[in-house]
Structure formats: C-alpha cells, structure tokens
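Working notes, structure below.
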Amino acid sequence: MLFAGVLGSRSQTNFRCRIACGIAFVWMSGVLPVAPSFLSPQVRAEQVLPQTSARYLINVHGLHVLTADVSYRLGDSAYSGVAQVQTAGFFGLFVQTDMRMQGTGQFFANGLAEPNQYDSAGTYNHEQSHLHMVYQAGVPQITVQEPPRGSREEVTQEERTGAQDVVAVLVGLLHQLQTQNRCQEAPQKLFDGLRLSTLEVRNTGAGRPPAGAEKAWGKEAVTCNFVLQQVKGFTANGQFSKLRQPQIGRVWFENIPNIGMSVVRMEIEHPKMGHIVLRLDETPKQVP
C-alpha cells in the first residue's frame, strides 16, 4: 500500500520525480564538473574557486528513493552548479530515474541570484525529457522543451518576468547564508518550464537539528522556514489539483569547518508525496 501511494501512475511518478529532483538539486553540491561551454565568461572566471562536492539522500515516507550528487562553485559575484539525481534502493526496482540539472548566473548586490541559463535533461522511467532556458532582461525564455507543454495552461511572459529557476533561487539562498548568515525574506517566483510557483522564506534563528541528525560537522544550525506554492501552469483539470495547496517546509544550515555554510537537512510537506526529507549523507569535500 505504501509503495502504491509513492509510485502511482507513470505520469504521476514522472511528475513527482520532477519535484523531488528539483528539490534535490537546489540544496546541495556534488561531484560532477560543469561543462565549460555552458558557462558565461563571468562564471568561467569564478572557476579559480574550489568546487564543493557532497551527496544527499532523499527519503519519502521514510524510504530512501533518490540519491543526488551535486557540485558547485560559489563566488562573490557568480555561481555554477550541476547535479546528477538517480533513483536508489528498493524504489529503483520500480522506477528508474537518471536526471542531470545545471545552472549558471551571477549575484545582485542584495545577494539574490541573477541566472543566465538553466538546463535539465535525462530519463524519467524510460521517458526522455529536456528543458533549456536562457534569461533575457530578467525573463526566462524556453529554447528547448521536450516533450512539449501539451494541454497544461500557459504561463505568460509577463507572469514569468522576474522568475528564476529552482537552482538560482536556492543557490542564491545559500549565498545569502554564507555572506549574511540569514535567509532573504523577499518573496520570489520560480519557473520550471511548466509551472510558476511562489516562495516565501522566513528566518527562524539558530537551533539544534532534529534528534539523530547531528553529524561530525556540528551541533547547531541556522534554520529558515519556507512556503512554496504553485500558482500557474496547472493541467486541464488543475482546478481540483492538490498542488494548489501550500507546501510548508524547513531547511537547516550548518557552518562546516573548511567548507562554510551548507545545507545539512531539509523537510517539506508535499500535498501528493507527503513528508519528504533531504539530508546530507557525509561531510562535503572541496577540490581546486
């Protein structure tokens, strides 16, 4: 019964994996180099910075369903990042996912990210998917979308203005923690090529991670609560969609020696998937 609830139909599984993969990428860092051709000149200049790598495990209803290896270079003025997300454990016997996501951009003076481009490509249960977006005057423009949008409602260019991809939003949040030791509380818009969502984040101070979550890197974390809510880009029968409900979550950051502020844990209540936990599996590493 539990597996039936997690898996659902093929279309539901693909959609749910998109959500989990997106969540995974944003909060972590891993082991894959970013292709030089994908980077802007400003971001290429940032490559003198070390690359941070880590592995995160994603649990749904207590089951380990996804593993994410991600990497980033995070400088004062620019960022680049890439993630490989794959199904794991017993869940991999039912659903096979292998998804690569990457994004680049720079930072405004207030610490928010200004993305240049975003790309995601891979396989959801043997179905190929590819999205590429570039940003023009603060508007994400889709240059590749496979499969096509279909009957899903359109998100207009006006509605997309000022929106960012999930990588830019959350790498920007990590940048704020590293430079200001706090979350940026200004409302933000996320656009993933299909759906438009709003994100509101609130600082909640310092506190201990949940029982059993502590590792060798520390005992106290800076925490931020957030509310994520889809507002546009629903399917034809989207007026009844559970995804109109707000998704409430919390993220824990710790100052790891020789690494800096890093996400060590994230929890979110998803209206279809239920309780999702993303946690750092081991101490991150840095390479030149």
Side-chain angles (χ1 to χ4, degrees), residues 15-16 18-29 56 58 68 70 72 74 79 81 83 101 103 105-108 110-116 118 120 131 133 135 138-140 153 155-156 158-205 221-234 238 241-253 261-273 275-278:
F15 173 68
R16 292 171 183 179
R18 286 184 179 91
I19 296 168
C21 291
I23 290 172
F25 175 68
V26 195
W27 299 111
M28 22 242 198
S29 33
Y56 287 74
I58 303 169
V70 193
Y72 66 71
L74 187 59
Y79 70 88
M101 293 163 281
Q106 48 273 338
F107 295 109
F108 291 111
N110 62 4
L112 293 175
E114 181 185 21
N116 292 326
Y118 169 81
S120 64
L131 171 71
M133 296 192 302
Y135 289 79
V139 182
E153 69 178 345
V155 181
T156 68
E158 181 179 3
E159 292 169 328
R160 283 184 272 126
T161 299
Q164 301 179 345
D165 57 79
V166 67
V167 176
V169 169
L170 296 171
V171 169
L173 183 60
L174 180 58
H175 177 67
Q176 292 154 22
L177 263 294
Q178 291 189 350
T179 57
Q180 305 171 27
N181 205 45
R182 67 188 309 275
C183 301
Q184 171 61 254
E185 295 191 350
Q188 299 178 63
K189 293 194 295 185
L190 289 80
F191 180 63
D192 68 357
L194 295 174
R195 294 164 286 268
L196 182 70
S197 302
T198 59
L199 176 69
E200 295 188 11
V201 182
R202 176 170 296 182
N203 293 285
T204 52
V222 176
T223 63
C224 298
N225 289 348
F226 64 89
V227 178
L228 178 68
Q229 186 166 17
Q230 183 179 340
V231 295
K232 197 72 184 291
F234 293 97
S241 175
K242 291 183 179 179
L243 294 176
R244 292 186 180 274
Q245 302 172 15
Q247 302 173 43
I248 301 172
R250 172 173 287 192
V251 58
W252 287 260
F253 302 85
M261 293 299 290
S262 304
V263 174
V264 298
R265 186 179 182 90
M266 190 271 287
E267 298 184 12
I268 186 170
E269 296 295 333
H270 189 271
K272 285 189 174 181
M273 297 178 68
H275 190 63
I276 302 173
V277 177
L278 180 149

Please give me the minimum heavy-atom distance between M101 and S120, naming the atom from each residue.
CG-CB, 3.6 Å

Q176 side chain near F253 side chain, heavy-atom distance below 4.5 Å:
no

A side-chain contact here means heavy atoms from C-beta on lying under 4.5 Å apart; do C183 and R202 qualify?
no

Side chain T223, main chain G205, donor-acceptor under 3.5 Å
yes

Backbone N or O of T198 within a donor-acceptor pair of the Q229 side chain at under 3.5 Å?
no

Does any non-hydrogen side-chain atom of Q184 lie less than 4.5 Å from one of V201?
no

Taking every non-hydrogen atom, the tightest pair across E267 and F226:
O-CZ, 4.0 Å

Y56 and V263: CA distance, side-chain angles, deciding distance, side-chain contact (heavy atoms from CB on, under 4.5 Å) verdict
CA-CA 10 Å; Y56 287 74; V263 174; 4.0 Å; yes

Which pair of heavy atoms, one from Q178 and one from Y72, lies closest together, and at what distance?
NE2-OH, 3.9 Å

Just wondering, do F191 and M133 contact through their side chains at under 4.5 Å, heavy atoms?
yes

How close do A163 and L196 get, heavy atom to heavy atom, and via which atoms?
CB-CD1, 4.1 Å

Reported CE-to-CH2 distance for the pair M266 and W252, which is rounded to 0.5 angstrom:
9.5 Å

Does E159 offer a backbone N or O that forms a donor-acceptor pair with the side chain of K189 under 3.5 Å?
yes

For L131 and G193 the tightest heavy-atom approach is CD2-CA, 4.0 Å

Please check: side-chain N/O of K272 versus main-chain N/O of L243, any donor-acceptor pairing under 3.5 Å?
no

To the nearest 0.5 angstrom, please state how far the CG atom of D192 sits from the CD atom of Q230.
7.5 Å

Whether the side chain of Y118 engages the backbone of P140 through a donor-acceptor N/O pair (distance < 3.5 Å, no angle test) should be reported.
no

Are any of the side-chain heavy atoms of H275 and E269 separated by less than 4.5 Å?
yes

Is it the case that the side chain of R160 and the backbone of V155 share a donor-acceptor pair, with hydrogens and angles ignored and the cut-off at 3.5 Å?
yes

Beyond-backbone contact of R182 with V222, side-chain heavy atoms, under 4.5 angstrom
no

Under a 4.5 Å cut-off applied to non-hydrogen side-chain atoms, are F234 and R244 in contact?
yes

When every non-hydrogen atom of A168 is compared with those of A113, the smallest separation belongs to O-CB, 3.2 Å

Could you tell me if the side chain of F107 sits less than 4.5 Å from the side chain of V171, heavy atoms only?
yes

How long is the straight-line distance from OG1 of T204 back to CG of N225, given to the nearest 0.5 Å?
4.5 Å

